[in-house]
Amino acid sequence: MSTPKTRSPDAATSSWHQKLVLACVCACTILVVSLVAAINLAAPMLAASGLHPSSSELLWIVDAYVVVFACLVIPGGAAGDRFGRKGVLIAGLVTFAAGAAISGVSANVAILLLGRAITGVGAALTLPNCVGVLVHATSTERRGRALAIWGATTGIGGLVGNIAGAALLTTGSWRTLFEAIVPVALLCAIWTALAVQRSSRSPRGLDPAGTALLVAATIALLIGIIEGPESGWSSAIDIAAFGASVLLGSAWVVVELRVRHPLLDPRLFRIPLISTVSLGMLIMFFGSFGLFYLNASLLQYGRGYSVLQAGLAIVPMTVPMLLVARYVPDLVRRVGIPATLSAAFLSIGVGLFGLASALHQPYLAYAAWLVLIGIGFALALPCLTAELTAALPAEQAGVAGGLQSATRELGSALGVAIVGTVLTESFTRHLPASLQHDDPIPRTVAEAVTTAPAQQIAIIDSFTTGAESALQVASVVTLIAGVLVVATAFKASR
């Protein structure tokens with residue numbers, strides 16, 4: 001077998017091979033994104049497991065993956081640009097499998113957290129290099145449509161995580177979720193090795209000082225976001241975390257402005273298109289993961305669904321993504337980016353508000369609002385993905401993928417934190433009067449029902465009321481921020 005040759009970004013490849021590479025990177029993307037959503041379904045099983053995690057430990061079991069993923073995803077993309085996107089992508093998938101294997105056999109919380117962190121490292125090496133591989137494997141005329149399809153899969157991944165995770169968890173063990181990931185990740189690595197050819201590398205250095213400061217600033221920011229709902233947004237730990245994030249972020253800007261080859265040049269955000277796309281990606285995933293955080297519990301508590309039924313009930317949201325995404329590049333060419341994003345954020349914002357009003361209505365009404373939200377994602381994801389990738393040169397395709405992934409993970413963390421804060425505040429405020437005097441006041445349905453099992457119906461009503469308030473807040477934030485994104489996009493298009 002001959003050694004793969006180095007190829008230029010515009011090298012012609014056959015149509016079938018380009019489709020094979022597209023299918024490969026889409027499969028890899030769905031794998032790493034789906035785990036973010038699937039672990040939320042496993043949380044109740046983990047809480048009741050022999051590991052006996054505390055509420056704080058359970059939170060970090062869920063979030064350790066996201067924190068490491070978000071912190072390392074831009075450096076992971078830069079590593080692919082420097083050392084070879086194919087090799088780093090394969091290394092990421094193998095690391096992802098190793099982390100899942102450690103998680104699956106963990107005997108205590110510490111080992112499980114280690115496994116989750118290693119899986120996050122694998123995801124950070126995998127996702128941005130999916131973009132890099134796709135850019136360099138696709139001819140110029142096909143690249144926009146390929147990126148649009150790949151962008152849609154980043155949204156579908158969360159839904160696949162809900163469905164596949166629910167199916168795996170019906171076996172009764174949370175370990176099954178991690179065990180199933182191992183062979184899938186290894187198969188994706190083999191597929192990548194066989195289907196993907198080597199691409200040209202960037203001679204740029206990795207900027208260790210800038211990388212360390214960016215990672216530290218992101219860790220501090222995410223600690224503040226994640227701890228906010230638990231310890232309070234005005235607590236000492238939260239103020240310290242956000243303060244450290246500001247200081248480290250400022251130091252990062254100073255360092256990056258002075259080095260010859262920065263990891264991510266802060267001046268890029270002066271380009272309206274890049275700032276618009278980054279904010280748009282953050283807001284879109286704020287809304288989507290805020291919804292994912294609520295949806296499973298809403299359907300199980302409010303409608304009495306099983307875990308599997310709750311996972312399948314989100315399917316209507318996927319339909320527009322599967323049917324619409326491939327046509328978005330043509331739509332953008334006809335009506336422009338501002339009009340496309342206007343329709344997208346309007347659909348998501350109105351859909352979230354409508355979903356709040358449908359909590360007590362038949363499932364068909366609930367599903368109809370999910371379809372509207374899905375239309376918004378189907379319009380926004382391909383548009384934002386293609387525009388961000390086009391805004392940076394092909395030799396920085398990994399960094400472009402890393403920036404997109406970082407804004408997505410930050411948006412996801414913000415969505416869960418803010419929606420969770422509103423939910424908890426409203427839930428505790430609407431609990432039956434007899435529970436209002438408990439010290440501490442129950443913060444979850446499980447805690448409240450354990451304390452007062454005879455008042456289960458009233459407790460679930462309190463949860464539904466809290467979820468309604470949280471969805472309304474997510475809707476308003478999405479609409480207001482969407483206006484800002486569209487206004488900036490309009491200015492950038494002039």
I need the minimum non-hydrogen distance between [X] and [Y], along with the two atoms involved.
X	Y	result
Leu89	Cys130	CD1-SG, 4.0 Å
Met321	Gly374	CG-O, 4.1 Å
Leu341	Val486	C-CG2, 3.9 Å
Cys28	Leu93	SG-CD1, 3.8 Å
Val73	Pro128	O-CG, 3.4 Å
Ala380	Met284	CB-SD, 3.4 Å

Backbone N or O of [Y] within a donor-acceptor pair of the [X] side chain at under 3.5 Å?
X	Y	result
Thr153	Trp150	yes
Asn129	Leu125	yes
Thr318	Ile314	no
Thr464	Gly302	no
Ser278	Ser275	no
Ser306	Gln309	yes
Arg116	Ala64	no
Ser245	Ala241	no
Lys86	Val133	no
Ser34	Ile30	yes

Does some side-chain heavy atom of [Y] sit less than 4.5 Å from a side-chain heavy atom of [X]?
X	Y	value
Leu221	Leu410	yes
Arg408	Leu282	no
Cys71	Leu222	yes
Leu484	Leu279	yes
Ile39	Leu46	yes
Ile149	Pro382	no
Phe286	Ser412	no
Ile459	Tyr301	no

If you count every heavy atom of other residues, nucleotides or ligands that lies below 6.0 Å from Phe242 atom CZ, does the total exceed 12?
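It does: Phe242 CZ has more than 12 such atoms within range.
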How long is the straight-line distance from [atom2] of [Y] back to [atom1] of [X], given to the nearest 0.5 Å?
X	Y	atom1	atom2	result
Ile181	Cys188	CD1	SG	11.0 Å
Ser49	Arg175	OG	CZ	7.5 Å
Ile118	Thr95	CD1	OG1	8.5 Å
Trp233	Ile239	CH2	CD1	12.5 Å
Leu113	Trp60	CG	CH2	9.5 Å
Thr218	Leu248	OG1	CG	9.5 Å

Test side-chain contact (heavy atoms from CB on, under 4.5 Å) applied to Ile223 and Asp238, step by step:
CA-CA 8 Å; Ile223 287 175; Asp238 239 40; over 6 Å; no
Using side-chain contact (heavy atoms from CB on, under 4.5 Å), reason through Leu35 and Leu31 one step at a time and then give a plain yes or no.
CA-CA 7 Å; Leu35 188 55; Leu31 175 66; over 6 Å; no
For the pair Phe463 and Leu423, evaluate side-chain contact (heavy atoms from CB on, under 4.5 Å) and give the outcome as yes or no after the intermediate values.
CA-CA 8 Å; Phe463 176 83; Leu423 170 66; 3.9 Å; yes
As a quick check of understanding, evaluate side-chain contact (heavy atoms from CB on, under 4.5 Å) for Phe96 and Val121, giving each step before the final call.
CA-CA 7 Å; Phe96 191 86; Val121 173; over 6 Å; no
